[in-house]
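Heavy atoms only: backbone and side chains are in, while hydrogens, waters and symmetry mates are out. Counting convention: from 1, in listed order, for ligands and their atoms alike. Not measured: the values here are computed from a predicted model.
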Amino acid sequence: MSPESIQNGDSASKSIDQRGMKRKRLQSQEHGSGESSTVNGELRKEPSTEPSPRDDQDDYPVGNFSPDTKLRLGKSISIRDLENRPHGGVQASQDTSTNGRLRQLRSQATILRKFRQQLPIWPSSSTIRSFLQSDRPQVLILTGETGSGKSTQVPQFLLSERWCRNGCIAVTEPRRVAAIGLAKRVGSEMGVRLGKEAKGLGKRQEDSVGWSVRLDNNVSRARGVRTRIKYLTEGMLLRELLRDPYLESYAAVIVDEVHERSIGVDLLLGFLRLLLFGEGDGPKRKNPLKLVVMSATTNVESLKEFFSEGCPDRKALVEQISTEEAEGEWEGFSDAESEAFASKKPDAPKKAHVAHPQDNKLAKAQVGPVSSYHVEGRQYPVKIVYLNEPTQDFVESALSQIFEIHRKEPLPGDILVFLTGQDTIESLERLINQCAQELDRKLPRVLTLPLFAALPQAAQQRVFERPPSFTRKVILSTNLAETSITVPGVRYVVDSGKVKVKQYRSRLGLDSLLVKPISRSSSIQRQGRAGREAPGICYRLYTEPDFLQMENETMPEILRSDLSGSVLSMKACGISDVAEFPLLSPPPRDALEKALIHLLQLGALNDSGDITEVGKQMSKMPLSPNLARIIIEASQPELDCLEDVIDIIACLSVENIFINVVSDEKREQAHEARQNLYRREGDHLTMLATVQAYLSEHSNRKAWAEKYFVSHRAMQSVMDIRKQLLAQCVQMGLSSNSSFQNSEPEKRTVTILRCLLKGFMGNIARLMPDGSYRTILGNQTVAIHPSSVLFSKKVEAIMFSEFVFTNKSYARGVSSIQMDWIGELLAGSGI
Ligand SMILES: Nc1ncnc2c1ncn2[C@@H]1O[C@H](COP(=O)(O)OP(=O)(O)OP(=O)(O)O)[C@@H](O)[C@H]1O
């Protein structure tokens, strides 16, 4: 079985309408963007994946129920019953008025309340609230099994607190798909309208739940609407900090899935610690902020230590606890005691009960600024199955595991498979579709759905939809689905045990992408995507000894990444001495210095290390400093190639716009078909030509993409990102006039490449006499990646956008440049 043999590409065609290459400026409308899915290997045309007005409504994801989940509501109602009713479980009503809609939402919330009451976290509601009741800033570190109800319930528990009555709760999630899914679910549970759907109710206040993620800010701005809970990605809250440094619009912040230790989480924890405890200047807000840090798998002690270090009352707190311990009145909360209390075990230590804040007014006043609590219990068991022998090829093992489950297990029971990236997902998708065509007709059909970051948002949301009847969903995901999300219907998890991680090599100043074993914490999170609606099974495609050898936790991103973006965020938020910024895992000093130097070279900082105007603009963009610098350069009136550069950057933000073909025959066909898109200057201008040709296609973009072996899916994401970047540039007053389009093509090409060079000045290599390329900074040998249009070409120097290390060091996204440009650039940047 070869993964590419299922391609539907037409025979190669050389003729691209040259007029079609000229596009309308600023055009970002999609045409023919209907996404396809594959049911039993047959391509099906689905409705357009462009967000429709219904996408923000909770028509299917009224709680995203799986069809047969019994709510355990007592005798008669199952989720299937609910789904069969319009509006997720409310009697059919012709009343489409606002009041009618609100009534429907409320009935649905009443039904869901019974489900919520069954969650392991439910009995701990008042305990959790009592940790945050003092009139000082407080932190609660909350742990509990996957699926116990942390992400959906904790914000709702806090809403009724006195200190929260007029505020909003921000809940951060590592990824947008989780933020949107949770907002929808919690909106249904609360019985309120979501985001912009809430319009206000005249004299009465209307409560709402919203979300804010890249490309999509769904928060109502209507008068009379109070957004009570807002789910957002960590990056979005960091950006809000730039606008509202004291986060005055929030009464509480909940940082969810802290174990992921993304750079965003670590920076947020640092900013929040400063905001809560001031450190030097005292707390910085009028009302004390409450912070809850949550995860199923985290190191509670290190978090406690981190926040306690920043807390000015720390000494007093420690003394107070120890005095009272001696008196036998206050025990604080050891995990065992909390657990015993939460589960109301008859043998719970009496002292723990006495010490419980909700039961003891004195103790309530003494709950310290930093506490921790563990919620005991999980909803449904998940059986773990290991391989007996290690596998050499996890894609093939996943394929046989999927079909074993499919043949053996009855419906319902969708399968969620964890893989490393878009490339492995797409190969497995093709293999599954091939095998599915040969399936016995008596077996259910198979619907494969990919899920990775570069997928357009609407396509990502499809994994939450209910499959057609007699069909099993097989979701192929990166670690995007690893935490926070509940994919309805999933009973089986297949875990490859691998993840693709970015690793920064500070000596070389280059990022590389590596496939590595996951940590135990990730493995537990992956397992936890089953057992959320019914008992489940997790098939680990590794042996038990391999599991035991895994690192406990994933290495924090801040210790393995280029820190330029983080340092820029700190500088933009007014942190002058970044080495003093509180971080849970402080990175080595030389990594910080490298980042400072890099930002200086980019012109984001001045010689005194202060942020410049250019740096401030860069910090507002949802891009790495390199890419943000390129955009600013391109918007200079004398260069003025902003829109072309945006098209290239949008392509760089997805994994690959071209379909990865494997066999020699297909490769030749693809090469032939793409001839008119290829540019001799290299990959960046080839990307630009491809976007322009795609935009000029008005009849059927999907067919166009197939014909040129271009990934339609990737191009849809490119269109999304492009639209967002154009809007962002307009908002920031960066614009271009049309004269650039009229200038000579040769001159335009040089201008674009020189703009790119401004951001990629660390990624340049020159040709050596022996025919190899060596980087100018770092003196590292790199080869041009086989996927590049410049593969095996010899040019005097190259610039590249990505460094990949597989069996050797490769430059990916390569353009040919001239040595004299480099000379001018280096002279200007003071390197
Ligand atoms: N979108 C949804 N559709 C259906 N059920 C959901 C949805 N979101 C949550 N649930 C149900 O609510 C339960 C609690 O989910 P929640 O996300 O609050 O748990 P959690 O403790 O935060 O889990 P994790 O640590 O894995 O993120 C889930 O196990 C599931 O049964």
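Checked against a 3.5 angstrom limit, the closest N/O atoms of Ser151 and ligand 1 fall inside it. Ligand 1 has no nitrogen or oxygen under 3.5 angstrom from a nitrogen or oxygen of Thr483. The shortest N/O to N/O separation between Lys150 and ligand 1 falls below 3.5 Å. Residue Glu257 has at least one N or O atom closer than 3.5 Å to an N or O atom of ligand 1. Of the polar atoms of Asp256, none of the N or O atoms is found under 3.5 Å from an N or O of ligand 1, judged by distance alone. When only interatomic distances are considered, the shortest N/O to N/O separation between Gln525 and ligand 1 does not fall below 3.5 Å.
Residue contact check: Arg529 has heavy atoms under 4.0 Å from atoms 24 (P), 26 (O) of ligand 1. Remark: ligand 1 atoms within the under-4.0 Å shell around heavy atoms of Phe115 are 11 (C), 12 (O), 31 (O).
A salt bridge (Lys or Arg N to Asp or Glu O under 4.0 Å) with Asp266 is found for exactly one of Arg273, Arg560, Arg261, namely Arg261. Arg175 pairs in a side-chain hydrogen bond (donor to acceptor under 3.5 Å, both in side chains) with only one of the listed residues (Glu234, Glu260, Gln460, Glu257), which is Glu260.
The side-chain hydrogen bond (donor to acceptor under 3.5 Å, both in side chains) search around Glu553 returns none, not counting sequence neighbours. The salt bridge (charged side-chain N to carboxylate O under 4.0 Å, His left out) check on Lys500 picks up Asp423, Glu655, with sequence neighbours excluded.
Arg116 does not count as a contact of ligand 1, since none of its heavy atoms falls under 4.0 Å from the ligand. Using a 4.0 angstrom heavy-atom cutoff, Phe464 does not count as in contact with ligand 1. The shell of residues lying under 4.0 angstrom from ligand 1, judged by heavy atoms, excludes Lys184. Distances shorter than 4.0 angstrom occur between a heavy atom of Leu119 and an atom of ligand 1. Remark: distances from the non-hydrogen atoms of Gly528 to ligand 1 are all 4.0 Å or more.
By the criterion of a heavy-atom distance under 4.0 Å, the backbone of Glu145, and not its side chain, is placed next to ligand 1.
Ring orientation note: the planes of Tyr492 and Tyr539 are tilted relative to one another, at an angle of 30° to 60°.
Within a 6.0 Å sphere centred on CD of Gln117, other residues, nucleotides and ligands contribute more than 12 heavy atoms.
Distances from atom 14 (C) of ligand 1 to the heavy atoms of Gly144, Gly147, Gly181, Ala534 show the closest one on Gly147.
A salt bridge does not link Glu557 to Lys502: none of the charged side-chain nitrogens sits closer than 4.0 Å to a carboxylate oxygen.
A donor and an acceptor atom, one from each side chain of Gln379 and Arg532, are nowhere located under 3.5 Å apart.
Here the CZ-OG distance, from Arg185 to Ser151, works out to 11.5 Å after rounding to the nearest 0.5 Å. How far CG of Leu584 is from CG of Leu267: 11.5 Å, rounded to the nearest 0.5 Å.
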